[in-house]
Protein chains: 2
Amino acid sequence: MQLPVIRHRGYARPVPKPEVAPTVTLQLSVDRSSPVPLYFQLSQQLEAAIEHGELTPGSLLGNEIELAARLGLSRPTVRQAIQSLVDKGLLVRRRGVGTQVVHSQVKRPLELSSLYDDLEAAGQRPATRVLLNTTVAASAEVAAALAVAEGGEVHRIERLRLAHGEPMAYLCNYLPADLLDLDAPQLEATGLYRLMRAAGITLHSARQTIGARTATPDEADRLGEPENAPLLTMQRTTFDDTGRAVEYGTHIYRASRYSFDFQLLVRS
Amino acid sequence: MQLPVIRHRGYARPVPKPEVAPTVTLQLSVDRSSPVPLYFQLSQQLEAAIEHGELTPGSLLGNEIELAARLGLSRPTVRQAIQSLVDKGLLVRRRGVGTQVVHSQVKRPLELSSLYDDLEAAGQRPATRVLLNTTVAASAEVAAALAVAEGGEVHRIERLRLAHGEPMAYLCNYLPADLLDLDAPQLEATGLYRLMRAAGITLHSARQTIGARTATPDEADRLGEPENAPLLTMQRTTFDDTGRAVEYGTHIYRASRYSFDFQLLVRS
DNA sequence: GTCAATGGTTTGTCCGGACAACCGAACCAT
DNA sequence: ATGGTTCGGTTGTCCGGACAAACCATTGAC
């Protein structure tokens, strides 16, 4: 799964030898009667071991062959488990050396999560105030983003997101009219993405633009900011796994109280 | 590689049947004498075919077994090729149905790229003015980010990034002192990441924070913006594959001329 | 002492096969 | 018409094996 990259080992200082902690033997087991795939059982146990510090950063995982033998699995299965953790950025493989645990810092790799989930995970009790929930004719901008006819019917939702009773963001979203029904109580209880997923929509990818500008008087008022306060802006179009645009949103955030915080992995 | 996710198929409108274009037969071939892995040759050909529109969005790829037979490859190899494109978001697999091309819109999934490369790819001829390139004692903030001793030696680089002769961003970066040598001509000719990669450093992941605030008089002056203009801010710590922090940067961008634009994939 | 050759270890790639799980369509019975 | 069943097709999972490529440490030659 690694791209065949040519490694320039140029005119630089010698790469410091990464300290390798000793190989760790770990309590692992799989349940063959479970419907959960074996590779998945294994990868979860390994991930948990890393999470709990039983596998310390830098430690070697022990070679795949022996690990497979110890668990009564085949090497491809073990490799599949390891590979999934490599993709998550938790492990690094080196041919001729072994597989070692990355020196953490890794938290989570920028998921397509709603602001609601983010706030909830951060322990802020989020709240939503639905300001508008209706169908409107699609403007040119919205029609282009959702790939529907200009002037066609689309849902429009306007929400104010609060944390600890304080306004955090003003969210304006558009959805294809025939996608699903939403009412205010649902929207106040959880995030939009969770509702869409619960409706059987498989979210696949999204295109985002993050920028900044100063608040208009209206916006400043709604968010409780002084006039001309700096705002973070985000526009996002989300696609399901058939490639259909299922949501377009324009959000503004109080820069004084919110910032985007995420982790990137380098796809070698 | 798919997570065993329970599919809620709830109280929603019936999911519109995705239009499936007819299965496409494609001109594919692999070169067994090449050192390039077979699965990689195949995935590149498929990706190119998608890029060039020979595989149209929604079209089925034809079953793996037959595809493998047609190419003289084994099914695992074909699966590996397909999987890499699924991971890139170009293909979607459905058990019992087949593999189909995602209705594009997919461009690139937020890589760890330098601003320099981004501008260059966008056709803006970027330029860099090195304002500072020296070693300093690490402040508490920098020491924490790079995991070095406070007061220890670190490189400090300050650069002004221009596009079409106009200032775009002001970049301040810190690197461990023993990592590599950089001189101004190198820094003006290309981006920092490219230099690090060329020095044999394997970039692995990065932690980013994007926010906004108003410019100080100094900053406004440097960037050619009016006082109190909104700025986009980014802080980033980059790690190599041993988990070592190899770069910490604090960047500010003119919000009037720059925004972050990227694509996210949902990790099933 | 320094450099090149050697060998052992580990992951990377590839093969061929087997069965299970799932989807959709066609079919049949109600 | 409606609903359930069956069946063919496709991907998902798993196995066991084989060889190649890369890395590291040791050995040997100069």
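First the proteins, then the strands, lettered A, B, ... as listed; each starts at 1.
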Would you kindly give the CG-to-P distance between B:L67 and D:dG9, to the nearest whole Å? 18 Å
Report the distance from atom CG of A:N63 to atom P of C:dG12, rounded to the nearest whole Å. 12 Å
Short side-chain N/O contact from A:Y39 to OP1 or OP2 of D:dT13, under 4.0 Å: yes
To the nearest angstrom, how far is A:E66 atom CD from D:dG16 atom P? 16 Å
When rounded to whole Å, the CG to P distance for the pair B:L71 and C:dC15 reads 10 Å
Can you measure B:R79 atom CZ to D:dC14 atom C1' for me and round it to whole angstrom units? 11 Å
Residue whose nearest DNA chain D nucleotide is more 5′ - B:I65 or A:L73: B:I65
Picking from D:dT11, C:dC14, C:dG16, which would you name as closest to the side chain of B:P76? C:dG16
salt_bridge(A:R93, A:E64) N-O dist < 4.0 Å: yes
Using five base pairs at each end, measure the axis-to-axis angle across the helix from C:dG1-D:dC30 to C:dT30-D:dA1 and round it to 10 degrees. 10°
Taken to the nearest whole Å, CD/A:Q80 to C1'/D:dT13 is 7 Å
Grab the CD-P distance between B:Q100 and C:dG24 for me, whole Å please. 10 Å
Run the salt-bridge test on A:R244 and A:D178 with the 4.0 Å N-O cut-off and return the result as yes or no. yes
Any N/O pairs under 3.5 Å between the protein and nucleotides 18-22 of chain D? List them or say none.
from, atom 1, to, atom 2, distance (Å)
D:dA18, N6, A:R75, NH2, 3.3
D:dA21, O4', A:R95, NH1, 3.1
D:dA22, O4', A:R95, NE, 3.4

Report yes if the side chains of A:V86 and A:V92 come closer than 4.5 Å at any heavy-atom pair, otherwise no. no
Do the side-chain N or O atoms of A:T99 get closer than 4.0 angstrom to the phosphate oxygens (OP1, OP2) of C:dT11? yes
Counterpart residues, side-chain contact (heavy atoms from CB on, under 4.5 Å), relative to A:E51 (two or more places apart): none
Atom-to-atom span, CD of B:Q83 to P of D:dT11 - whole angstrom: 12 Å
